[in-house]
K.L.:
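This is the structure, below, for whatever I ask next.
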Amino acid sequence: MIEQRIRDSFAKQTMMQTLGAHIAEVGEGTVTISAPILPGSRQQHGVAHAALSFAIGDSAAGYAALTLMPADSEVMTAEMKINLLAPGVGDLLRATGKVIKPGRRLIIVTAEVYAITGAEEKLIALLQGTMVPVSV
């Protein structure tokens, strides 16, 4: 049931559609989102733009938080920090969001973003942030 809720919500995100992103996995307190590194999401050096890493990392972390919320609540990002560790070289990016500390008013989350080429994976970004529950 929660997985369908996450997938239905994700399907409404036109930004994720523009990026070609999709949900790869949903678990309790964790969500993984993948996106191809399309020509339109590259920066001037030909690698994935940091905005792609941030967008899928933020969404993965937010949906990870939503997996722990009651049906009458949603979440919104209150703040999010990103550390860019390496260029996004590869065929696609994969972001896995996780809940670190759930709470009634604040939910602390992280996301790891990997660049993937074939079987090779490289950690390229770490995100940490705070989600705030909102009533629907």
Side-chain angles (χ1 to χ4, degrees):
M1 171 133 163
I2 191 65
E3 181 169 352
Q4 193 58 52
R5 178 181 178 200
I6 301 298
R7 291 184 182 281
D8 289 348
S9 176
F10 186 83
K12 296 175 186 174
Q13 285 204 25
T14 56
M15 177 64 155
M16 292 293 112
Q17 293 170 18
T18 298
L19 298 173
H22 69 277
I23 292 181
E25 190 175 340
V26 176
E28 187 175 334
T30 183
V31 168
T32 301
I33 296 174
S34 294
I37 302 173
L38 300 171
S41 58
R42 296 177 188 271
Q43 46 94 302
Q44 71 274 17
H45 300 292
V47 300
H49 196 286
L52 179 60
S53 296
F54 189 89
I56 66 170
D58 176 55
S59 288
Y63 281 120
L66 188 60
T67 67
L68 303 179
M69 300 301 299
D72 64 344
S73 294
E74 289 277 342
V75 297
M76 292 191 74
T77 304
E79 60 89 23
M80 187 67 69
K81 172 194 184 329
I82 188 169
N83 289 105
L84 300 167
L85 308 174
V89 177
D91 299 320
L92 65 99
L93 299 185
R94 183 186 68 226
T96 299
K98 296 179 185 174
V99 174
I100 300 303
K101 184 183 182 299
R104 288 185 310 118
R105 294 191 178 153
L106 300 174
I107 304 161
I108 308 305
V109 294
T110 64
E112 294 182 347
V113 182
Y114 287 83
I116 301 171
T117 304
E120 186 178 324
E121 299 182 8
K122 183 172 186 174
L123 180 64
I124 64 161
L126 295 171
L127 290 83
Q128 181 175 316
T130 307
M131 298 292 160
V132 177
V134 294
S135 297
V136 290

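As the structure is a prediction and not an experimental result, all values here were calculated from the model.
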K.L.:
Ile82 and Leu19: same hydrophobic cluster, using ILVMFWY side-chain contacts below 4.5 Å?
P.N.:
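In one cluster with Ile82: Leu19, yes.
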K.L.:
Quick one: side chains of residues 44-71, donor-acceptor pairs under 3.5 Å with protein atoms, not counting sequence neighbours, listed by atom name and distance.
P.N.:
{"unit_1": "His49", "atom_1": "ND1", "unit_2": "Ala51", "atom_2": "N", "d": "2.9"}
{"unit_1": "Asp58", "atom_1": "OD1", "unit_2": "Thr77", "atom_2": "OG1", "d": "2.8"}
{"unit_1": "Ser59", "atom_1": "OG", "unit_2": "Ala55", "atom_2": "O", "d": "3.3"}
{"unit_1": "Tyr63", "atom_1": "OH", "unit_2": "Ser9", "atom_2": "O", "d": "3.4"}
{"unit_1": "Tyr63", "atom_1": "OH", "unit_2": "Ser9", "atom_2": "OG", "d": "2.8"}
{"unit_1": "Tyr63", "atom_1": "OH", "unit_2": "Phe10", "atom_2": "N", "d": "3.2"}
{"unit_1": "Tyr63", "atom_1": "OH", "unit_2": "Gln13", "atom_2": "NE2", "d": "2.9"}
{"unit_1": "Thr67", "atom_1": "OG1", "unit_2": "Gly29", "atom_2": "N", "d": "2.7"}
{"unit_1": "Thr67", "atom_1": "OG1", "unit_2": "Ala64", "atom_2": "O", "d": "2.6"}

K.L.:
Are Val113 and Leu92 grouped together when hydrophobic residues (ILVMFWY) are joined by side-chain heavy atoms under 4.5 angstrom apart?
P.N.:
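No; tracing contacts between hydrophobic side chains, which count when under 4.5 Å, never links both residues.
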K.L.:
Just so I know, are the side chains of Ile33 and His22 near enough to count as touching, which here means a heavy-atom distance under 4.5 Å?
P.N.:
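When only atoms from C-beta onward are counted, His22 and Ile33 do not touch, as no gap falls below 4.5 Å.
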K.L.:
Under a 3.5 Å distance rule, please check whether Ser34 uses its side chain to pair with a backbone N or O of Ala24 as donor and acceptor.
P.N.:
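Checked: no pair found.
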K.L.:
Considering non-hydrogen atoms only, spot the tightest contact between Thr18 and Leu38 and give its length.
P.N.:
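Closest approach of Thr18 to Leu38, heavy atoms only: O-CD1, 4.2 Å.
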K.L.:
Check the pair Val75 / Ile107 against side-chain contact (heavy atoms from CB on, under 4.5 Å), numbers first and verdict last.
P.N.:
CA-CA 9 Å; Val75 297; Ile107 304 161; 4.1 Å; yes
K.L.:
Look at the side-chain heavy atoms of Ile, Leu, Val, Met, Phe, Trp and Tyr, link any pair under 4.5 Å apart, and say whether Leu84 and Val109 land in one connected group.
P.N.:
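Result: yes, single cluster for both.
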K.L.:
Identify which one of Lys98, Glu25, Glu112 satisfies the side-chain contact (heavy atoms from CB on, under 4.5 Å) criterion when paired with Thr32.
P.N.:
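By the side-chain contact (heavy atoms from CB on, under 4.5 Å) criterion, Thr32 pairs with just one of Lys98, Glu25, Glu112: Glu25.
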K.L.:
Between Ile23 and Ile6, is a side-chain contact (heavy atoms from CB on, under 4.5 Å) present by the stated rule, with each step listed?
P.N.:
CA-CA 9 Å; Ile23 292 181; Ile6 301 298; 3.6 Å; yes
K.L.:
Membership question, hydrophobic clusters at under 4.5 Å side-chain separation (ILVMFWY): are Met16 and Ile37 in the same one?
P.N.:
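In one cluster: yes.
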K.L.:
Rounded to the nearest 0.5 Å, what separation is found between the CD1 atom of Ile2 and the CZ atom of Arg7?
P.N.:
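Between atom CD1 of Ile2 and atom CZ of Arg7 there are 12.0 Å.
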K.L.:
Report all side-chain donor-acceptor pairs from residues 120-136 shorter than 3.5 Å, counting only partners two or more places apart or in another chain.
P.N.:
{"unit_1": "Glu121", "atom_1": "OE1", "unit_2": "Arg94", "atom_2": "NH2", "d": "2.8"}
{"unit_1": "Glu121", "atom_1": "OE2", "unit_2": "Arg94", "atom_2": "NH1", "d": "3.1"}
{"unit_1": "Thr130", "atom_1": "OG1", "unit_2": "Glu79", "atom_2": "OE2", "d": "2.8"}

